[in-house]
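In this text, all values refer to a predicted model and were calculated from it rather than measured experimentally. Excluded from the calculations below are hydrogen atoms, water molecules and symmetry mates; all remaining heavy atoms, backbone and side chain alike, are included. Residue numbers run from 1 in the order of the sequence given.
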Amino acid sequence: METPRPKSEFTTAAISVVLLCFVLNTLARGNGETFAVFLGPLEDTFQWGRAATSSIYSVFMIAIALAGPVVGALFDRFGGRVVYVGGLLAYGAGFLIASQMQALWHAWLGVGVLAGIGAAATGMTPATGIISRWFERNMAFAIAFAYAGFAAGSVLLSPLSGWMIEIGGWRWTYQTLGLSLLGLSVIVILLPWRRIEAGIKPPAPPRSLIPGREVFARVPFWGLFIVFFMTSVTTYVVQVQAVEFLTDAGYPR
């Protein structure tokens, strides 16, 4: 006999799941957007030039793009614990490498590749997978609330990182952020993931890593792809340069 579902989807368990995704977006995914406040100090230290230093963020975004489908497949097969913990470990390791960087390729590896993988694994891909098990009628609202954690992380962590750079320098800041992400991974691994992923409906069966051709033949897929692509181009190209633009205009960093 099928268990009757509650009239409201906003149960204590479901709200807790959304809040968890919001917090992880804030503390983990938001770290990637702190690069704007590191751009100037890195340029001052290494004299790589604005274009070369900005390429670190480009590698970061490319890594997110390439890691996204893999993260989705790993989530389908292994669940949130593996994906989130793996992402936090990659993120933390990347920032620790960044704290010791001496060459541009060190930054590409640490802040670019590893942090990009970490950002993909701690962002909306696993969050959407978990939330979709708890909501149907109110799924858009729940996902939007969790996604707001990304903006909250940018708003909170970027000023905090700037303040830390002023106090202890960019190397110490990267080291502190890296250790914090590794510490967060310990907390995440201890969470009751069986309960978190239980939901009100069973998860979809695991599928192959590469989607079938029918996915790429659908107009809505390409419509969403273009929307997200253009949003990234118009937003992140400007965002990463905002701090240095204002500094060049005479504002204190």
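Side-chain atoms of Tyr91 come within 3.5 Å of backbone N or O of Ala28 as a donor-acceptor pair. A donor-acceptor contact shorter than 3.5 Å is absent between the side chain of Tyr251 and the backbone of Phe245. Judged by distance alone, the side chain of Ser158 and the main-chain N or O of Val155 form no donor-acceptor pair under 3.5 Å. Without hydrogens or angle criteria, Ser132 side chain to Gly129 main chain gives a donor-acceptor distance under 3.5 Å. Using modelled atom types, one side-chain atom of Glu197 and one backbone atom of Gly80 make a donor-acceptor pair closer than 3.5 Å. For Ser55 (side chain) and Ser58 (main-chain N/O), no donor-acceptor pair under 3.5 Å exists by modelled atom type. Under the 3.5 Å distance criterion, the side-chain polar atoms of Trp108 are left unmatched by any main-chain donor or acceptor of Phe60. In terms of modelled atom types and a separation under 3.5 Å, the side chain of Glu9 and the main chain of Trp134 share no donor-acceptor contact. One N or O on the side chain of Ser154 and one on the backbone of Phe150 form a donor-acceptor pair closer than 3.5 Å. Remark: the backbone N or O of Ile165 is paired with a side-chain donor or acceptor of Thr173 at under 3.5 angstrom.
For Phe141 and Phe135, the gap between ring centers reaches or exceeds 6.0 Å. Aromatic ring centres of Trp193 and Phe75 lie farther apart than the 6.0 Å criterion allows. Taking the centre of each ring, Tyr147 and Phe22 stay at or above the 6.0 Å mark.
Scanning all heavy atoms of the two residues, the minimum distance from Leu96 to Gln175 falls at CD2-O, 3.7 Å.
Checking Tyr57 against Glu33 by side-chain atom types alone, a donor-acceptor pair falls below 3.5 Å. Neither side chain, Trp172 nor Ser99, offers a donor N or O lying under 3.5 Å from an acceptor on the other.
By the neighbour-count criterion of 12 heavy atoms within 6.0 Å, atom CD1 of Ile189 is sparsely surrounded, having that number or fewer from other residues, nucleotides or ligands.
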Practice prompt. Please lay out, stage by stage, how Trp222 and Phe228 fare under the test ring-ring contact (aromatic ring centres under 6.0 Å, His included).
Written response: CA-CA 10 Å; Trp222 289 108; Phe228 280 112; over 10 Å; no
